[in-house]
2 protein chains.
Amino acid sequence: MSTHPGTEITMHADDAPQPPKRKRRPSKDAPSLSSDRIIAAALDLIDTQGVDNFSMRNLAKLLGVYPMAIYWYVPNRNALVARVTAHVLADLVPEDPSADWQDDLRTLLHRFRAIIRAHPNVAPLIGAQLVSNASVDLMMIEWVLQVLRRSGLNEADIPAAYTATIGAMTGFVTQEFAAVPQDDKTGWADEMKQIAQSADPEQFPLAAALMPKLLNRSFILRWDNGSAVPLDDGFDFFVESFIAGLARRAGH
Amino acid sequence: MSTHPGTEITMHADDAPQPPKRKRRPSKDAPSLSSDRIIAAALDLIDTQGVDNFSMRNLAKLLGVYPMAIYWYVPNRNALVARVTAHVLADLVPEDPSADWQDDLRTLLHRFRAIIRAHPNVAPLIGAQLVSNASVDLMMIEWVLQVLRRSGLNEADIPAAYTATIGAMTGFVTQEFAAVPQDDKTGWADEMKQIAQSADPEQFPLAAALMPKLLNRSFILRWDNGSAVPLDDGFDFFVESFIAGLARRAGH
DNA sequence: ACCTGAACACCGTTCAAGT
DNA sequence: ACCTGAACACCGTTCAAGT
């Protein structure tokens with residue numbers, strides 16, 4: 001739960017004075033604010049209101065404080081959002097590497113998806129923000145590199161394979177849980193259904209035939225996102241294809 | 001270039017009255033605004049300023065018009081952004097299917113990347129907005145389904161394979177071109193470099209050893225995005241792995 | 001039909017000030 | 001060190017009005 005602030009190398013160490021050096025605050029009571037409280041409250045707001053409706057002012061209100069109070073702990077909104085995603089991803093790396101590198105990769109990708117499922121509104125932030133906490137990231141990076149080397153891949157291919165793996169881990173899930181505009185959900189769903197059922201079987205034979213399996217159960221042809229309708233089959237197929245392809249390229 | 005408005009089924013037909021039915025505007029001169037002009041100007045702004053700095057008010061200024069004038073053509077900012085991404089993706093589907101389904105898939109994924117490379121600031125919008133123009137999408141969907149059937153996959157696997165394919169197409173590239181916070185770019189780069197070179201070889205042996213190949217050339221360990229530093233090798237490895245995995249699952 | 005113009009309810013952030 | 005309070009320069013969008 002806790003991110004052990006202070007023991008971790010905080011990326012982007014933002015020149016804002018980090019609060020507790022040593023036994024500070026000899027005064028009466030603890031400060032009302034802290035990095036941890038702010039991050040927890042921010043995550044709470046993002047989880048419940050979505051990232052668009054998350055504002056420094058609302059966060060301040062939730063914390064019972066004036067907006068600018070937050071800025072003593074965090075340099076700006078972007079940095080705060082980065083810390084929230086780092087917090088969410090803190091427990092990503094599996095503890096125990098197994099005997100089978102393919103199982104390890106599978107586990108990592110599924111763990112990532114499970115985390116985002118618990119905090120879907122964070123999904124759109126992952127792309128830009130998977131850079132926030134270097135210590136966590138270095139562990140994860142090393143973990144992935146080790147798995148890839150055990151796969152038997154050519155050593156020279158490991159950097160490319162690493163990037164491919166991270167892309168596979170984050171890409172699908174980010175899309176799956178991407179926010180769906182909630183302006184007029186039902187109108188949108190209705191139009192999508194209508195287009196789907198009026199898909200000309202002459203022009204689009206396969207799409208028309210498979211529509212019952214695709215409608216609101218696959219990318220593009222949906223109006224709910226992964227929170228409401230998880231794309232389990234698609235994700236599994238994606239993961240297994242990627243791993244199988246890696247295995248083939250590694251000579252298995 | 002032109003999206004032929006009126007000939008396409010516009011998804012989310014938003015009840016705003018769509019302008020030209022028949023020979024309208026018998027009056028003096030053409031209206032100063034049009035859907036096409038607005039979309040083109042919006043794309044221009046997004047390309048140059050980024051999506052964060054893109055506002056209805058700036059767009060109005062660029063068009064030489066009051067902000068609310070735009071609202072006669074577009075119901076709101078989100079819808080406008082959706083149309084922009086649809087416009088950008090209009091030419092995604094390749095014209096000529098080849099003899100080899102693997103080549104076709106490769107072509108599609110590379111075309112997608114080329115489009116996003118030309119408009120990288122649109123990348124973060126793709127996830128939520130690959131839903132905007134149903135006619136384009138149906139063509140693309142049918143195209144993908146046809147390719148997958150030619151692969152020899154089990155018919156029952158095609159829906160999952162379809163979602164996996166779209167996820168593969170959009171996921172990696174969306175991450176590759178995700179915006180990098182430009183608050184203090186150089187400071188960020190410096191810290192990243194420092195963490196990289198001080199990576200403990202005891203704790204992170206592979207990461208430390210491969211760091212020269214990884215630093216700013218792979219996910220997470222970078223400060224530039226795909227516009228400045230394209231991840232060509234990673235992308236190729238990803239695409240080839242996915243296709244190889246598909247082939248294996250199809251029994252090749 | 002197409003656009004203006006003012007107004008409302010918000011933003012993130014700077015800056016000076018309190019304690 | 002930690003937070004208040006006012007102010008600045010923005011937002012998207014509603015609503016009434018002009019032509």
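Chain letters run A, B, ... following the sequence lines, proteins first and then strands; every chain starts at 1.
When distances run from any side-chain atom of B:Leu33 to the nucleotides C:dC3, C:dG12, D:dC3, the shortest one goes to C:dC3. Proximity note for A:Pro67 (side chain, C-beta onward) versus C:dG12, C:dT13, C:dA6: the nearest is C:dT13. Out of D:dC15, C:dT14, D:dG12, the shortest distance to the side chain of B:Met56 is found at D:dG12. With D:dG12, D:dC3, C:dT4 as the candidates, the nucleotide lying closest to the side chain of B:Tyr66 is C:dT4. For B:Tyr71, the listed nucleotide lying nearest its side chain is D:dT13; candidates were C:dG12, D:dC3, D:dT13. Here the side chain of A:Met68 is nearest to one of C:dC3, C:dT13, D:dC3, namely C:dT13. For B:Ser55, taking side-chain heavy atoms from C-beta onward, the closest of the listed nucleotides D:dG12, D:dC3, C:dT4 is D:dG12.
Comparing the C1' positions of C:dC10 and D:dC8 gives a spacing of 15 Å, expressed to the nearest Å. Spacing of C1' atoms, D:dA7 relative to C:dC11, comes out at 14 Å, to the nearest Å.
If you measure from atom CZ of B:Arg57 to atom C1' of D:dG12, you get 7 Å, rounded to the nearest angstrom. What separates CG of A:Leu59 from P of C:dC11 is a distance of 11 Å, to the nearest Å. Going from atom CG of B:Asp52 over to atom P of C:dC11 covers 17 Å, rounded to whole Å. At whole-Å resolution of the value, CH2 in B:Trp72 and P in D:dC15 are 19 Å apart. One interatomic measurement links the two molecules: OH of B:Tyr73 to P of D:dG12, which rounds to 19 Å at whole-angstrom precision. Atom CD1 of A:Ile70 is separated from atom P of C:dG12 by 9 Å (rounded to the nearest Å). Atom CG in A:Asn78 sits roughly 10 Å away from atom C1' in C:dG12 (whole-Å rounding). Following rounding to the nearest Å, B:Arg77 (CZ) and C:dC11 (P) show an atom-to-atom distance of 16 Å.
Summarising the base pairing, C:dC8 is matched to D:dG12 through a Watson-Crick or G-U wobble pair whose two defining distances lie under 3.5 Å. For D:dT19, the paired nucleotide is C:dA1, the pair qualifying as Watson-Crick or G-U wobble because both relevant distances are below 3.5 Å.
At C:dC11, one or more side-chain N or O atoms of A:Asn58 fall inside 4.0 Å of OP1 or OP2 (strictly under the cut-off).
Heavy atoms of other residues, nucleotides or ligands lying less than 6.0 angstrom from CZ of A:Arg217 number 12 at most.
For A:Glu176 (side chain) and A:Leu231 (main-chain N/O), a donor-acceptor pair under 3.5 Å exists by modelled atom type. Side-chain atoms of B:Asn216 come within 3.5 Å of backbone N or O of B:Trp223 as a donor-acceptor pair. Judged by distance alone, with hydrogens and angles left aside, the side-chain atoms of B:Tyr73 form no donor-acceptor pair with the main-chain N or O of B:Ile38 at under 3.5 Å. Proximity of a side-chain donor or acceptor of B:Asn121 to a complementary backbone N or O of B:Asp47 within less than 3.5 Å is detected.
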